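Note that the structure is a prediction, hence the values are computed from the model and not measured.
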Amino acid sequence: MSRVIAIANQKGGVGKTTTAVNLAACLAAADKRVLLVDLDPQGNASQGVGVDKSSAEHTIYDALVNGTPGVDAVLPTGMANLSLVPSTRDLVGAEVELVDAERREYRLRDALAPLRDAYDFIFIDCPPSLGLLTLNSLTAADAVIITLQCEYYALEGLTELLNTVVLVRGQFNPALAITGVVLTMYQHTNLSRQVVDDVRGHLGENVFETVIPRNVSLSEAPSFGQPIIYYDLKSTGAQAYMALAREVIARG
Ligand code: ATP
Ligand code: MG
């Protein structure tokens, strides 16, 4: 059975794309059939798996705005079992163009529906906002993974995000679950340790055991278009994302 998982947080730069790209790659390496959907106009996820977006005939924009069948926007990556629906800058316009559209919150769900059977996991990399794109993502998803950066304001905005999950459950997608919260960019400092304790204190079991460390290889890998397990398998970042992938499989 396929599982559609949105990676979300409206805060910018908290490790959403790094988590989406690397979870997708780790699960693909574990012989799962994986689709990564880039739902951010920045296109970082597309870049992270080394796909040249200029070669794409169709993108997530076409699927959302023009009703192009989702399958037409799927591209292979260089990696076995891992495919991508790319995004480009024009996705910025989608938020506005869809305002008066029919079923505007369901556009992504509709686009992915015929694709679900072909994949074990579909990961959606969300943009840093709670706009219509993220609403589409939460409406299309079975579950959401929230990334929190281990810094002082980690929990800031979390209430708003959780309220959005409740709203989406009430209006568009009653079955939406929260797979878990993953802490990212951990450093061996008192502050990082305190944030981990705080977040675990607030959210308990909802927090993944695996904490992603701050790791230079993780920040270098995207510029080579490689997920961390291909760029530097021995790095602490690669080991952490493999552990997180195992937890995601276990949490189902
Ligand atoms: P945005 O909100 O802009 O989409 P994001 O939440 O997707 O950002 P990322 O792009 O994954 O966040 O990460 C932000 C920056 O931090 C990137 O430059 C990324 O390479 C770097 N980064 C992410 N996680 C780590 C890590 N564990 N160690 C080192 N650098 C990291
Ligand atoms: Mg991102």
Side-chain angles (χ1 to χ4, degrees), residues 3-20 23 37-42 44-45 60 64 87 91-92 94-112 121-185 194-212 244 247-248 251-252:
R3 192 105 180 114
V4 180
I5 300 179
I7 316 284
N9 189 333
Q10 75 275 24
K11 275 185 98 170
V14 295
K16 292 180 292 294
T17 301
T18 305
T19 299
L23 266 185
V37 177
D38 191 347
L39 197 62
D40 186 342
Q42 296 177 103
N44 296 150
I60 191 66
L64 294 175
S87 120
L91 188 58
V92 173
E95 296 257 4
V96 177
E97 287 165 64
L98 286 176
V99 161
D100 295 320
E102 228 180 290
R103 289 176 66 75
R104 60 181 181 174
E105 294 88 1
Y106 295 92
R107 291 295 174 115
L108 183 60
R109 190 180 184 94
D110 293 347
L112 294 181
F121 286 95
I122 299 179
F123 288 102
I124 307 166
D125 183 32
C126 294
S129 80
L130 289 176
L132 194 49
L133 289 173
T134 296
L135 278 187
N136 261 271
S137 163
L138 296 177
T139 301
D142 300 309
V144 54
I145 290 178
I146 298 167
T147 60
L148 293 184
Q149 186 180 345
C150 294
E151 42 109 46
Y152 188 64
Y153 293 110
L155 286 164
E156 187 190 62
L158 184 63
T159 307
E160 206 186 338
L161 177 54
L162 294 175
N163 286 344
T164 304
V165 169
V166 170
L167 178 143
V168 168
R169 274 184 194 140
Q171 293 191 28
F172 313 116
N173 183 14
L176 178 64
I178 296 177
T179 305
V181 170
V182 58
L183 290 156
T184 68
M185 294 182 244
Q194 196 186 325
V195 170
V196 171
D197 287 350
D198 249 32
V199 171
R200 287 199 193 285
H202 274 90
L203 303 171
E205 297 279 283
N206 292 313
V207 185
F208 286 103
E209 260 171 57
T210 306
V211 173
I212 309 298
L244 184 65
E247 274 195 78
V248 168
R251 288 191 179 209

Does a donor on one side chain sit under 3.5 Å from an acceptor on the other, for E247 and T210? yes

Drop me the distance from H202's NE2 to T159's OG1, to the nearest 0.5 angstrom. 8.5 Å

Nearest 0.5 Å, please: how far is CD1 in I178 from CG in L162? 5.0 Å

Would you find a donor on one side and an acceptor on the other, under 3.5 Å apart, between the side chain of N173 and the backbone of A141? yes

Qualifying salt bridge (charged side-chain N to carboxylate O under 4.0 Å, His left out) pairs, either residue in residues 166-176, two or more places apart: none

Under 3.5 Å, side chain of K11 to main-chain N/O of Y153, donor-acceptor pair present? yes

Indicate yes or no: at least one non-hydrogen side-chain atom of T134 is less than 4.5 angstrom from one of T164. no

Write down the atom of L130, the atom of E160, and the distance for their closest heavy-atom approach. CD1-OE2, 3.8 Å

More than 12 foreign heavy atoms under 6.0 Å from CD of E209: is that the case here? no

For R251 and T179 the tightest heavy-atom approach is NH1-O, 2.9 Å

Is the CG atom of D100 crowded by more than 12 outside heavy atoms at less than 6.0 Å? no

Check: I145 and F208 side chains under 4.5 Å, non-hydrogen atoms: yes

Value for CD (Q194) from CD (E151), rounded to nearest 0.5 Å, stands at 12.5 Å

If you round to the nearest 0.5 Å, how far is CG of L158 from CD of Q10? 8.0 Å

Work out which heavy atom in R3 is nearest to a heavy atom in A177; give both atom names and the distance. NH2-CB, 4.5 Å

Are any of the side-chain heavy atoms of T147 and I212 separated by less than 4.5 Å? no

Could you tell me if the side chain of V144 sits less than 4.5 Å from the side chain of L161, heavy atoms only? no

Can you tell me which residue among T18, N9, L148, T19 is in a side chain to side chain contact (heavy atoms under 4.5 Å, CB included) with T184? T19

Can you give me the closest heavy-atom contact between F172 and L167, atom names plus distance? CE1-CD2, 4.1 Å

Across all chains, not counting sequence neighbours, the side chain to side chain contact (heavy atoms under 4.5 Å, CB included) partners of P41 are R89, L91, V92, P127, L133

Would a distance-only check, ignoring hydrogens and angles, find a side-chain to backbone donor-acceptor pair under 3.5 Å from R104 to E95? no

For V4 and A140 the tightest heavy-atom approach is CG1-O, 3.6 Å

Under 3.5 Å, is there a donor-acceptor pair between the D125 and T17 side chains? yes

Euclidean distance, L132 CG relative to E97 CD, rounded to 0.5 Å: 11.5 Å

When rounded to the nearest 0.5 Å, the distance separating OG of S137 from CG of L39 is 6.0 Å

Under 4.5 Å between any side-chain heavy atoms of L108 and I60, yes or no? yes

Can you name the nearest heavy-atom pair linking C150 to V195, along with the distance? CA-CG1, 3.8 Å

